[in-house]
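My questions all concern the structure below.
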Amino acid sequence: VQLVESGGGLVQAGTSLRLACEVSGVAFSMFPVGWFRQVPGKGRDTVATINRNGDKTYYPDSVKGRFTISRDNARNRVYLLMNSLKPEDTGVYYCALDSSAIPSDNPGSRSTSAYDYWGQGTQVTVSA
């Protein structure tokens, strides 16, 4: 199983960025996926999750209304559109897949420990 993120970079506050994650080696459409953020010296925080059908999502309050997660099961990809970026959004962004069997209406676990396949991460830096 391989997950490869792309789309990170250095942007100014208030602008937008879209991350993509391509997944291979697994029946992508069967499992929930998520995006997570990590800053130096801290653990990974959940940024967004989405169920296998793409119609149930979860966002923490810190990004709700600004970030949108979506998936394209035909292309084995998950996306994270980030609008109105803030300096505190800076970090390494990882996509991850949870290969356990959960109901299709479950948007995916908020806990990083539930996800067993991870990408290598992509750096997002938001300047003030």
Side-chain angles (χ1 to χ4, degrees):
V1 180
Q2 189 173 20
L3 292 83
V4 180
E5 301 97 337
S6 61
L10 172 62
V11 296
Q12 289 188 326
T15 61
S16 300
L17 203 61
R18 191 178 83 150
L19 306 182
C21 175
E22 184 170 4
V23 182
S24 60
V26 68
F28 176 70
S29 64
M30 296 297 293
F31 306 109
V33 290
W35 285 96
F36 306 84
R37 176 175 64 220
Q38 187 169 26
V39 298
K42 294 188 176 182
R44 292 180 185 178
D45 293 326
T46 304
V47 174
T49 66
I50 190 167
N51 70 332
R52 64 193 193 198
N53 295 336
D55 58 358
K56 299 289 185 184
T57 57
Y58 161 76
Y59 305 95
D61 288 343
S62 59
V63 307
K64 194 175 295 182
R66 299 189 299 121
F67 290 12
T68 303
I69 187 172
S70 61
R71 65 190 295 164
D72 183 341
N73 286 344
R75 300 183 69 191
N76 285 9
R77 291 181 178 173
V78 58
Y79 303 96
L80 183 68
L81 175 61
M82 304 183 291
N83 294 323
S84 302
L85 282 162
K86 304 175 181 180
E88 51 263 44
D89 295 321
T90 294
V92 178
Y93 283 71
Y94 298 88
C95 65
L97 181 142
D98 175 3
S99 66
S100 62
I102 64 174
S104 62
D105 62 350
N106 188 318
S109 175
R110 303 173 187 183
S111 172
T112 58
S113 62
Y115 294 82
D116 38 5
Y117 297 105
W118 292 80
Q120 82 289 349
T122 185
Q123 176 71 44
V124 173
T125 303
V126 184
S127 63

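Being a predicted model, the structure only gives us computed values, none of them experimental.
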Quiz prompt | Full working for side-chain contact (heavy atoms from CB on, under 4.5 Å) between T46 and Y58 | solution = CA-CA 9 Å; T46 304; Y58 161 76; 4.0 Å; yes
Quiz item: Do T90 side-chain atoms and V126 backbone N/O form a donor-acceptor pair below 3.5 Å?
Solution: yes
Quiz item: Is a donor on one side and an acceptor on the other found under 3.5 Å between the side chain of D116 and the backbone of S99?
Solution: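 It does hold such a pair.
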Quiz item: Can you tell me if Y115 uses its side chain to pair, donor with acceptor, with the backbone of S109 under 3.5 Å?
Solution: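 Yes, because the side chain of Y115 sits within donor-acceptor range (under 3.5 Å) of the backbone of S109.
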Exercise. Establish, for the pair R71 and F28, whether the NZ or CZ atom is under 6.0 angstrom from the six-membered ring centre and no further than 45 degrees off its axis.
Key: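 Yes, R71 and F28 form such a contact.
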Exercise. Run through R44, R37, Q123 and flag the one making a side-chain contact (heavy atoms from CB on, under 4.5 Å) with V92.
Key: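 Exactly one pass, corresponding to Q123.
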Exercise. Without swapping roles, check the side chain of T49 against the backbone of P107 for a donor-acceptor pair under 3.5 Å.
Key: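 A pair under 3.5 Å: yes.
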Quiz prompt | Distance in Å, N53 CG paired with S104 OG, rounded so as to fall on 0.5 Å steps | solution = 5.0 Å
Exercise. Specify whether W118 and F36 have parallel, tilted or perpendicular ring planes, treating 30° as the upper limit for parallel and 60° as the lower limit for perpendicular.
Key: tilted
Quiz item: For D72, does its backbone N or O pair with a side-chain atom of Y79 as donor and acceptor, under 3.5 Å?
Solution: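 Pair absent, no side-chain N/O of Y79 close to backbone of D72.
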Self-check item: Given T122, V11, N83, L10, the one that forms side-chain contact (heavy atoms from CB on, under 4.5 Å) with L17
Solution: V11
Practice problem: Report the relative orientation of the aromatic rings in Y93 and F67; use parallel for angles under 30°, tilted for 30 to 60°, perpendicular for over 60°. | Solution: tilted
Practice problem: State yes or no: do V26 and L3 share one hydrophobic cluster built from I, L, V, M, F, W and Y residues joined by side-chain heavy-atom distances below 4.5 Å, directly or via other members? | Solution: yes
Quiz prompt | Any donor-acceptor N/O pair, D98 side chain to S100 backbone, under 3.5 Å | solution = yes
Quiz item: Can the ring centroids of F31 and Y117 be said to lie less than 6.0 angstrom from one another?
Solution: no
Exercise. Measure the CE-CG distance between M30 and N73 for me, rounded to the nearest 0.5 Å.
Key: 10.5 Å
Quiz item: Is there a donor-acceptor pair closer than 3.5 Å between any side-chain N or O of S84 and the backbone N or O of R66?
Solution: no
Quiz item: Between I50 and W35, does a side-chain contact (heavy atoms from CB on, under 4.5 Å) hold up when you go through it step by step?
Solution: CA-CA 9 Å; I50 190 167; W35 285 96; over 6 Å; no
Exercise. Determine whether V23 and Y94 fall in the same hydrophobic cluster, where Ile, Leu, Val, Met, Phe, Trp and Tyr are linked whenever their side-chain heavy atoms lie under 4.5 Å apart.
Key: no
Quiz item: Taking C-beta and beyond as the side chain, do P32 and I102 meet within less than 4.5 Å on heavy atoms?
Solution: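 Heavy-atom side-chain distance check passes, below 4.5 Å.
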Quiz item: Will you find, in the side chains of S113 and S111, an N or O donor that is under 3.5 Å from an N or O acceptor?
Solution: yes
Exercise. Supply the atom-to-atom distance R77 CZ to S6 OG, rounded to the nearest 0.5 angstrom.
Key: 7.5 Å
Self-check item: Derivation and outcome, side-chain contact (heavy atoms from CB on, under 4.5 Å), residues V124 and L19
Solution: CA-CA 9 Å; V124 173; L19 306 182; 4.0 Å; yes
Quiz item: Would you call D61 and K64 a salt bridge, using N to O less than 4.0 angstrom?
Solution: yes
Self-check item: Sub-4.5 Å side-chain heavy-atom contact between V1 and L97
Solution: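 No, too far: nothing below the 4.5 Å cut-off.
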Practice problem: Of all the heavy-atom pairs spanning L80 and A48, show the shortest one and how long it is. | Solution: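 It is CD1-CB, 4.0 Å.
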Practice problem: Verify the distance criterion only: is there a donor paired with an acceptor across the side chains of S24 and E22 at less than 3.5 Å? | Solution: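 No, because no side-chain N or O of S24 sits under 3.5 Å from a partner of the opposite role on E22.
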Quiz item: Between the side chain of N51 and the main-chain N/O of K56, is any donor-acceptor distance below 3.5 Å?
Solution: yes
Practice problem: Kindly compute the distance separating OG1 (T68) from CE (M82), expressed to the nearest 0.5 Å. | Solution: 11.0 Å
Quiz item: Is the side chain of E5 donor-acceptor paired with the backbone N or O of C95 at a distance under 3.5 Å, no angle test?
Solution: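 Side chain of E5 to backbone of C95, a donor-acceptor pair under 3.5 Å: yes, one is there.
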